[in-house]
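Protein chains get the first letters and strands the later ones, always in sequence-line order, with residue 1 at the start of each. Given the structure is predicted, the values throughout are model-derived calculations rather than measurements.
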2 protein chains.
Amino acid sequence: MKYKYSKQREYIKEYIMGRTDHPTADMVYKAVKKDLPNISLATVYRNLMVLADMGELNRLSIGDSSDRFDPKTNDHPHFVCKECGSILDMEEEKIDEISKKFSLEMPGEITSYKLTFYGICEKCKASENSGYMENNKKSA
Amino acid sequence: MKYKYSKQREYIKEYIMGRTDHPTADMVYKAVKKDLPNISLATVYRNLMVLADMGELNRLSIGDSSDRFDPKTNDHPHFVCKECGSILDMEEEKIDEISKKFSLEMPGEITSYKLTFYGICEKCKASENSGYMENNKKSA
DNA sequence: CTGCATGCAAATCTTTTGCATAAGA
DNA sequence: TCTTATGCAAAAGATTTGCATGCAG
């Protein structure tokens, strides 16, 4: 729990903090590499874990291959576009609000949650007809 | 989309259908291997994908290392015990009910969701004092 | 027969680790 | 000086894939 300063972590943190697109470790690596050409992917992973441990960011898996990193450290729902792959933050929902909304029997004491919606974002829906393509994935 | 019958798939399907514990591919493999000693893990993965494609099961990632397979094909919330690792199904919630409960702005058209609660199940909470241990993971 | 399915091994991918060296306190 | 951090390469774990052969239609 006793971490000492490192330039690498500084850059990694700063990069993540400036994003809302939930980058993967590799995306962070590629980005930070521009400023610190010698940084290694292992260092990125290690620091991402340290930062998560320090409560500076959250790690999340949305179902696809790699984990994502989010500077928003509170639990909140996400929206994943099946078309362009973008991951959007949604308005925050405190866990007890969710518990209330879901009048489900909770099979235990809840400490956190993950809520992800899948669909087609406005941008993609709009561009579906115009043949425009915004992000990654194939537009079928 | 044209699948022909296979004994392997038959057994895999039957195994999954009889479970509520969301087994991993490897768990399915080990279980089915008792009846079909020559089956390979690759075949299990392939058939799990086929079955998912046929709508016979759902694949889900709860955050930890391996994906899980669920015979319940409709969207429904899950509860994951951080203590024993067990994954429990929760009462079903139709997507539009969720949308209503969350008076969030949906950044697009929603087609499905994943909702997972993390906490400590009743069993573990009860046994925490008695030193009893139910499932896998370490009890800290 | 003809083509999908299987078993096996090798290949991928993502994430973690071991280790010698560098850097922070 | 003592300890944590880094870079590199190797290891690990999960899932996928190539290929020759087997089985269903």
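Within the nucleic acid shown, A:Tyr5 comes within 4.0 Å of sugar-phosphate atoms alone, with no base atom in reach, counting heavy atoms only. Among the heavy atoms of the strands lying under 4.0 Å from B:Leu41 is at least one base atom, whether or not backbone atoms are also near. Within the 4.0 angstrom heavy-atom criterion, only backbone atoms of the sugar-phosphate kind lie near B:Asp67; the bases stay farther away.
Just one of A:Leu88, A:Asp67, A:Val80, A:Asp89 meets the side-chain contact (heavy atoms from CB on, under 4.5 Å) condition when paired with A:His22; it is A:Asp89. Of the residues B:Ile16, B:Thr20, B:Asn58, the one that meets the side-chain contact (heavy atoms from CB on, under 4.5 Å) test with B:Pro71 is B:Ile16.
Closest approach of B:His78 and B:His76 over heavy atoms only: NE2-NE2, 3.0 Å. Across all their heavy atoms, B:Arg9 and B:Lys4 have their closest contact at NH1-O, 3.1 Å.
Comparing C:dA5, D:dT3, C:dT14 against the side chain of B:Lys4 picks out C:dA5 as the nearest. Looking at the side chain of A:Tyr45, the nearest of the listed nucleotides C:dT6, C:dT14, D:dT17 is C:dT14. Of the candidate nucleotides C:dC8, C:dT15, D:dT6, C:dT15 has the atom nearest to the side chain of A:Ser66. In this structure, the nucleotide among D:dA5, D:dT4, D:dT15 sitting nearest to the side chain of A:Arg9 is D:dA5. Listed nucleotides: D:dG7, C:dT14, C:dA9. Nearest to the side chain of A:Ser65: C:dT14.
Place B:Arg59 and A:Leu36 on DNA chain D by their nearest nucleotides, and A:Leu36 ends up nearer the 5' end. When each of A:Asp26 and B:Asn47 is assigned the nucleotide of DNA chain C with its nearest heavy atom, B:Asn47 is the one assigned upstream, toward the 5' end. Residue-to-nucleotide proximity on DNA chain C shows that, of A:Ser6 and B:Gln8, the 5′-proximal contact is made by B:Gln8.
Distance B:Lys7 NZ to C:dT6 C1': 11 Å, rounded to the nearest Å. Taking atom CG of A:Asp64 as the reference point, atom C1' of D:dT16 lies 16 Å away to the nearest angstrom. B:Arg68 has its CZ atom 14 Å from the C1' atom of D:dG13, to the nearest Å. Taking atom OH of residue B:Tyr29 and atom C1' of nucleotide D:dT15, one finds them 14 Å apart after rounding to whole Å. At whole-Å resolution of the value, NZ in A:Lys2 and C1' in D:dT3 are 8 Å apart. The separation between A:Leu48 atom CG and C:dT15 atom C1' is 11 Å, rounded to whole Å. The CG-P distance, from A:Asn38 to D:dC8, rounds to 6 Å in whole Å. Whole-Å rounding puts the A:Asp35 CG to D:dT6 P distance at 16 Å.
Between the side chain of B:Arg46 and the base of D:dG18, a donor-acceptor pair under 3.5 Å is found.
Of the residues in residues 10-17 of chain A, none has a non-hydrogen atom less than 4.0 angstrom from any atom of DNA chain D.
Between the A:Asn47 side chain and the A:Thr43 main chain, a donor and an acceptor come within less than 3.5 Å of each other. Judged by distance alone, the side chain of A:Thr73 and the main-chain N or O of A:Leu57 form no donor-acceptor pair under 3.5 Å.
Around atom NZ of B:Lys72, more than 12 heavy atoms belonging to other residues, nucleotides or ligands sit under 6.0 Å away.
Dashed line: the shortest gap from a side-chain N or O of B:Thr43 to OP1 or OP2 of C:dG7 is under 4.0 Å.
For the 3.5 Å distance criterion, the side chains of A:Lys7 and A:Tyr11 fail to qualify, holding no donor opposite an acceptor.
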